[in-house]
Amino acid sequence: MNLFDERTLEAIKNKLIKNNETIAVAESVTSGFIQLAFSTAKDASKFYQGGITAYNVGQKYKHLHVEPIHAISCNCVSEKVAVEMALNICQLFESDWGLGITGYAAQVEESDNKLFAYFAIAYRGKVVNKKKLNAIKKDAFNVQLEYVNHVIEALKQHLH
């Protein structure tokens, strides 16, 4: 059973290696699944710099320099937070590409029990994609996988 879209990951790997580019990941809602997806690719060390899972505002501020007043006001779930995560992971890991994702995979009061996430893709200091995802699945594990596969597909579309 493949958790991730293997063809998409292979296409990302091939394009990044061909262009001599790297990627790093800043995750919250997906709890390291994007990092897992990239790290399992053959020759991952040729394109994947690494990542960080920062689950709360303190860690997002400390490691990813997310603006804390805004982050606190939205429980760290907003387009702005995802953008800051994507941009700052590039600097932290000295990578060409950065992914940032934050959101909800389980129903909580703060989200009115809705399941959604924001992601951003950065390339050399500029955001090239940002989007809100609304979950179709209902259980946390499958919601996380849904987000991961959507984000890696979006990344594939932006690689040149």
Side-chain angles (χ1 to χ4, degrees), residues 3-5 8-9 12-13 16 21-41 44-45 47-135 137-155 158:
L3 297 177
F4 313 112
D5 185 331
T8 299
L9 287 170
I12 290 168
K13 175 194 84 162
L16 289 173
E21 293 176 337
T22 59
I23 191 164
V25 179
E27 297 180 76
S28 181
V29 66
T30 47
S31 298
F33 278 162
I34 298 172
Q35 296 170 71
L36 175 63
F38 287 143
S39 70
T40 59
S45 64
F47 72 94
Y48 176 56
Q49 292 286 69
I52 185 169
T53 302
Y55 218 68
N56 62 51
V57 68
Q59 297 307 316
K60 285 181 177 83
Y61 170 72
K62 180 179 179 181
H63 300 290
L64 298 166
H65 309 291
V66 169
E67 199 283 307
I69 294 172
H70 169 76
I72 290 167
S73 76
C74 62
N75 197 33
C76 291
V77 179
S78 73
E79 181 179 279
K80 177 179 170 49
V81 171
V83 164
E84 290 174 338
M85 291 171 71
L87 290 170
N88 292 325
I89 198 68
C90 290
Q91 290 181 344
L92 184 63
F93 281 83
E94 297 180 5
S95 64
D96 301 290
W97 292 89
L99 297 178
I101 185 166
T102 186
Y104 299 101
Q107 293 181 340
V108 293
E109 270 185 48
E110 295 88 354
S111 71
D112 293 326
N113 294 318
K114 294 182 177 139
L115 304 179
F116 61 92
Y118 293 93
F119 78 89
I121 300 171
Y123 178 65
R124 295 187 177 162
K126 294 184 180 169
V127 175
V128 297
N129 192 1
K130 56 188 177 180
K131 187 174 179 182
K132 180 179 182 182
L133 305 173
N134 292 298
K137 309 285 185 186
K138 296 297 177 202
D139 65 290
F141 180 78
N142 284 308
V143 169
Q144 289 173 313
L145 292 179
E146 180 182 337
Y147 293 158
V148 170
N149 285 307
H150 186 91
V151 169
I152 62 175
E153 179 61 36
L155 172 65
H158 284 282

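None of these values were measured; they are calculated from a predicted model.
Once rounded to the nearest 0.5 Å, the distance linking OH of Y123 with SG of C90 reads 10.5 Å. Atom CG in N56 sits 10.5 Å away from atom NZ in K62 (nearest 0.5 Å). To the nearest 0.5 Å, the span separating CG on D96 from OG1 on T22 amounts to 4.5 Å. The structure places CD1 of I34 at 10.0 Å from CD of Q144, a figure rounded to the nearest 0.5 Å. Remark: N88 CG to L92 CG distance equals 8.5 Å, nearest 0.5 Å. Atom NE2 of H65 and atom CG of L87 lie 12.0 Å apart (nearest 0.5 Å).
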- Kindly indicate, with the supporting measurements, whether the criterion side chain to side chain contact (heavy atoms under 4.5 Å, CB included) is fulfilled by Y55 and S31. CA-CA 8 Å; Y55 218 68; S31 298; 3.6 Å; yes
- Task: Apply the test side chain to side chain contact (heavy atoms under 4.5 Å, CB included) to residues V151 and V148: give CA-CA distance (whole Å), side-chain angles for both, the deciding distance (0.1 Å), then the verdict.
- Result: CA-CA 5 Å; V151 169; V148 170; 6.0 Å; no
- Query: I89 and V25: side chain to side chain contact (heavy atoms under 4.5 Å, CB included), yes or no, with the steps?
  - Reply: CA-CA 6 Å; I89 198 68; V25 179; 5.7 Å; no
- Could you give me the CA-CA distance, side-chain angles and deciding distance for N129 and H158, then say whether side chain to side chain donor-acceptor pair (under 3.5 Å) is met? CA-CA 8 Å; N129 192 1; H158 284 282; 3.3 Å; yes
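Checked by atom type and distance alone, the side chain of E67 pairs as donor or acceptor with a backbone atom of I69 at under 3.5 Å. At distances below 3.5 Å, not a single donor-acceptor pair connects side-chain atoms of K60 with backbone N or O atoms of V66. A donor-acceptor pair is defined here as one N or O able to donate and one able to accept, closer than 3.5 Å; no such pair exists between the side chain of S78 and the backbone of C74. No donor-acceptor distance shorter than 3.5 angstrom exists from the side chain of S95 to the backbone of G98, with no hydrogens or angles considered.
When all heavy atoms of F93 and A24 are compared, the closest pair comes out as CB-CB, 3.6 Å. Closest non-hydrogen pair, V143 versus A135, comes out as CG1-CB, 3.8 Å. Of all heavy-atom pairs spanning A106 and A140, the tightest one is CB-CB, 4.4 Å. Between V81 and H70, the shortest heavy-atom distance links the atoms CG2-CD2, 3.8 Å. Residues S39 and A44 come closest through the heavy atom pair O-CB, 3.8 Å. Taking all atoms of both residues into account, the shortest heavy-atom contact from F33 to F4 is O-CZ, 3.5 Å.
In this structure, S28 and I101 have side chains that are not in contact, with every pair of non-hydrogen atoms separated by 4.5 Å or more. Taking 4.5 Å as the limit, every side-chain heavy atom of N134 sits out of range of all side-chain heavy atoms of L115. Between F119 and L99, every side-chain heavy-atom pair lies at or beyond the 4.5 Å cut-off. The shortest side-chain heavy-atom distance between M85 and V83 does not fall under the 4.5 Å cut-off. Inter-residue side-chain proximity for L64 and E84 is flagged as unmet; no heavy-atom pair is nearer than 4.5 Å. Looking at heavy atoms from C-beta onward, V29 lies out of side-chain contact with T102 at the 4.5 angstrom threshold. In this structure, the side chains of L16 and I23 come closer than 4.5 Å at one or more pairs of heavy atoms. Considering only heavy atoms from C-beta on, T8 stays 4.5 Å or farther from N149 through its side chain.
Counting non-hydrogen atoms of other residues, nucleotides and ligands closer than 6.0 Å to OH of Y61 gives a total of 12 or fewer.
In this structure, K130 pairs ionically with E79, as a charged nitrogen and a carboxylate oxygen lie closer than 4.0 Å. Under 4.0 Å is where a charged nitrogen must lie from a carboxylate oxygen, and between E21 and R124 at least one such pair does.
Between Y48 and F38, the ring planes are tilted. Angles from 30° to 60° get that label.
Remark: the N75 side chain and the Y104 side chain contain an N/O donor-acceptor pair separated by less than 3.5 Å. Side chains of Q35 and E27: a donor on one and an acceptor on the other come within 3.5 Å.
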